[in-house]
Amino acid sequence: MGSVRRQASSGTDGDPRLGGVADDERKRKRMESNRESARRSRMRRQKQLEDSVGEVGQLQQANAQLVASINAAAQKYAEVESANNVLRAQAMELTDRLRSLNSVLEIAEAVSGLAFDIPEIPDPLMKPWQIPCPIQPIMASADLFEC
């Protein structure tokens with residue numbers, strides 16, 4: 001019975017030698033097909049690797065540009081913050097001077113009996129987004145900057 005099954009499984013109706021040749025041919029074609037498929041797979045993986053390496057290079061370059069941009073912005077921020085601190089200190093100093101001058105005017109008003117127009121000093125911390133005094137042009141002569 002075992003020999004009947006083998007002949008039936010070979011796929012031929014007659015000579016076992018003919019079935020063996022057809023099986024060998026199918027095996028050879030399948031091996032060629034598998035080799036070609038494996039070659040295509042290797043080529044696909046190689047292309048994916050090359051694409052990934054290229055993308056890594058582009059991302060590293062973009063990252064370097066972003067880091068440089070961030071560093072430049074941080075430097076500019078530090079400069080502006082420093083200038084802002086200087087301006088705050090100058091504003092405080094000028095406010096103190098104005099208070100002193102107002103107190104001198106109040107004393108002069110009390111002593112002389114004349115009424116002086118003493119401006120109110122606004123608190124810049126109450127509304128920092130508003131300019132405390134109306135904008136007035138600052139006039140300077142050319143002589144001021146000559147050496």
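Atoms considered below: every heavy atom in the structure, side chains included; atoms not considered: hydrogens, waters and symmetry mates. The model shown is predicted, which means the values in this text are computed figures rather than measured ones.
- Between the CZ atom in Arg39 and the CZ atom in Arg44 there is a gap of 10.5 Å [rounded to 0.5 Å].
- Within the structure, every pair that satisfies the salt bridge (charged side-chain N to carboxylate O under 4.0 Å, His left out) test and touches residues 49-64, not counting sequence neighbours, is listed here: Lys47-Asp51.
- Between the CG atom of Asn84 and the CD atom of Glu79 there is a distance of 13.5 Å, given to the nearest 0.5 Å.
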Report the C-alpha distance between Leu59 and Asn63 in whole Å, list the side-chain angles of each, state the deciding distance to 0.1 Å, and finish with yes or no for side chain to side chain contact (heavy atoms under 4.5 Å, CB included). CA-CA 6 Å; Leu59 290 173; Asn63 190 30; over 6 Å; no

Step by step, would you call Arg88 with Asn85 a side-chain hydrogen bond (donor to acceptor under 3.5 Å, both in side chains)? CA-CA 5 Å; Arg88 278 192 189 118; Asn85 288 338; 3.3 Å; yes

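- Here the side chains of Asn102 and Arg99 are not in contact, with every heavy-atom distance at 4.5 Å or above.
- At a threshold of 4.5 Å between non-hydrogen side-chain atoms, the residues Leu105 and Glu109 do not count as touching.
- Using a distance-only test at 3.5 Å, with no hydrogens or angles considered, no donor-acceptor pair links the side chain of Ser82 to the main chain of Ala78.
- Annotation: salt bridge (Lys or Arg N to Asp or Glu O under 4.0 Å) contacts of Arg40 (sequence neighbours excluded): Glu36.
- Of the possible polar contacts, one joining the Ser100 side chain to the Asp96 backbone as a donor-acceptor pair under 3.5 Å is found.
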Go through the steps to decide whether Lys29 and Glu32 satisfy the test salt bridge (Lys or Arg N to Asp or Glu O under 4.0 Å), and finish with yes or no. CA-CA 5 Å; Lys29 285 184 179 180; Glu32 283 182 26; over 6 Å; no

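- Glu93 meets the side-chain hydrogen bond (donor to acceptor under 3.5 Å, both in side chains) test with Arg97; sequence neighbours excluded.
- Looking at heavy atoms from C-beta onward, Leu98 lies out of side-chain contact with Leu94 at the 4.5 angstrom threshold.
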The test is side chain to side chain contact (heavy atoms under 4.5 Å, CB included); show your working for Arg45 and Ser41 and say whether it passes. CA-CA 6 Å; Arg45 279 194 314 250; Ser41 178; 3.6 Å; yes

